[in-house]
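Heads up, the thing below is written out as structure tokens.
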Number of protein chains: 2
Amino acid sequence: MTVTVENTHAPTSLNLTPSRRAVLDIVKSAGRPMKAYDILSKLQEVIKHAKPPTVYRALDYLVTNHVLHRVNNQNAFMHCQQHVECSKQQEERVSILFSCQLCGAVIENANHSLTAIIKQMTGSLGFKSDADMVECSGVCQDCR
Amino acid sequence: MTVTVENTHAPTSLNLTPSRRAVLDIVKSAGRPMKAYDILSKLQEVIKHAKPPTVYRALDYLVTNHVLHRVNNQNAFMHCQQHVECSKQQEERVSILFSCQLCGAVIENANHSLTAIIKQMTGSLGFKSDADMVECSGVCQDCR
DNA sequence: TGCATTTAGATATAATATAACATACAATAG
DNA sequence: CTATTGTATGTTATATTATATCTAAATGCA
């Protein structure tokens with residue numbers, strides 16, 4: 001079973017400058033992954049002089065701080081919606097993004113078994129995951 | 001424990017036209033993920049008139065047929081080096097790519113537990129993985 | 001105040017990928 | 001054989017995604 005909890009990866013304080021705040025709001029309110037240049041279009045409604053670097057800098061900051069995820073198989077960015085088996089557990093957990101190549105929907109999930117096996121594999125390889133996240137590309141139920 | 005076996009995902013017969021063969025050889029002999037335009041440069045040493053579509057078409061074919069993997073977090077392509085816990089098992093298995101963001105090295109791995117948990121998650125979501133593959137970005141042992 | 005650090009503006013361009021249309025070629029049904 | 005179909009390729013142009021570079025403003029703080 002999988003339940004939704006707050007994002008425990010996010011830092012307690014973020015430096016949300018106007019452009020970062022605006023980019024975050026745009027992506028968050030979309031409720032689905034958004035492309036950088038679609039974000040830029042929206043951003044320009046608010047910050048007229050916004051340019052590609054404006055967006056990419058804000059995205060870098062928000063992804064680095066685990067507020068947004070980069071969905072690599074879509075070149076897109078989505079709001080983090082962490083899930084975990086038990087919100088009381090303080091263990092670091094590994095989330096998985098199931099990304100639909102047809103409609104673009106992404107389901108973010110996590111559970112203890114997945115975390116355990118990924119930690120075991122990364123541990124034995126000496127590999128340090130940079131987002132405690134794995135990504136899986138496919139087709140969602142609705143699109144099949 | 002993880003051991004190397006032949007690629008059981010690959011079809012028994014491939015239509016390896018000259019450009020597909022050449023692209024495959026280039027990526028295979030590189031022994032690491034290669035970018036499309038680096039492949040193109042190499043390809044043009046053999047097929048002078050090769051253009052971006054030449055490469056992308058060959059890559060599409062080879063990825064679709066599970067001979068190459070697309071490494072999404074690097075926009076790169078690598079030769080499939082399937083691993084599985086036991087080569088006798090005929091079950092479909094899920095591989096994982098651990099991709100180093102510093103040196104570009106990718107370790108391909110698989111084991112029974114990972115396959116089981118991913119299959120369970122995709123099953124309960126009605127999600128159909130298009131490559132039986134998950135991807136994990138981070139930093140490898142050598143780079144730490 | 002003066003200095004270091006972080007953030008943002010602005011221009012240009014690099015890097016990645018596909019659209020669109022024409023051509024060739026092989027397999028095979030009529 | 002020849003018409004048709006499906007697949008693969010050639011070619012040009014362009015779309016999409018992302019970053020480099022340089023300047024300047026804002027911020028924190030010794």
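Just so we're on the same page: letters track the sequence lines, and every chain starts at 1.
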Gap between atoms [atom1] and [atom2], on [X] and [N] respectively (whole Å):
X     : N      : atom1 : atom2 : value
A/I47 : C/dA10 : CD1   : P     : 12 Å
B/N75 : C/dT18 : CG    : P     : 10 Å
B/D60 : D/dT9  : CG    : C1'   : 14 Å
B/Q74 : C/dT16 : CD    : P     : 11 Å
B/Y56 : D/dT16 : OH    : P     : 15 Å
A/N73 : C/dT16 : CG    : P     : 18 Å
A/K48 : C/dG9  : NZ    : P     : 14 Å
A/L59 : C/dT7  : CG    : C1'   : 15 Å

Problem set entry | CZ-SG distance between B/F127 and A/C143, expressed to the nearest 0.5 angstrom |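 Separation between the atoms: 9.5 Å.
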
Exercise. To the nearest 0.5 Å, what is the distance between OG (B/S99) and CD1 (B/I96)?
Worked result: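 Atom-to-atom, B/S99:OG and B/I96:CD1 are 11.0 Å apart.
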
Exercise. Stepwise, does the side chain to side chain donor-acceptor pair (under 3.5 Å) test hold for A/Q101 with B/D130?
Worked result: CA-CA 9 Å; A/Q101 298 310 287; B/D130 60 17; 5.3 Å; no

Seminar exercise, completed: With sugar-phosphate taken as primed atoms, P, OP1 and OP2 and all else as base, the protein-contact string of nucleotides 20-27 of chain C at under 4.0 Å (heavy atoms; B, S, -) is B-------

Exercise. Among residues 15-46 of chain B, which residues get a heavy atom nearer than 4.0 Å to DNA chain D?
Worked result: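 By residue number: B/N15, B/T17, B/S19, B/R20.
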
So does [Y] get a backbone contact from the side chain of [X], meaning a donor-acceptor N/O pair under 3.5 Å?
X      : Y      : result
B/N65  : B/V67  : no
A/K35  : A/Q74  : yes
A/R144 : B/G126 : yes

For this session: Can you sort out the partners of A/F77 under ring pair (Phe, Tyr, Trp, His ring centres under 6.0 Å), two or more places apart, ordered by chain and number?
Result: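 Ring pair (Phe, Tyr, Trp, His ring centres under 6.0 Å) list for A/F77, sorted by chain: empty.
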
For this session: Compare the minimum distances between each of C/dT16, D/dT12, C/dG9 and the side chain of A/T54, then state the nucleotide with the smallest one.
Result: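 For A/T54, the side-chain atoms sit closest to C/dG9.
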
Exercise. Can B/N73 and B/E135 be counted as having a side-chain donor-acceptor contact under 3.5 angstrom?
Worked result: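 The criterion, which ignores hydrogens and geometry beyond distance, is satisfied for B/E135 and B/N73.
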
Problem set entry | Residue of the set B/H79, B/Q81, B/H69 for which side-chain hydrogen bond (donor to acceptor under 3.5 Å, both in side chains) holds with B/E108 |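 It is B/H69; the other options fail the test.
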
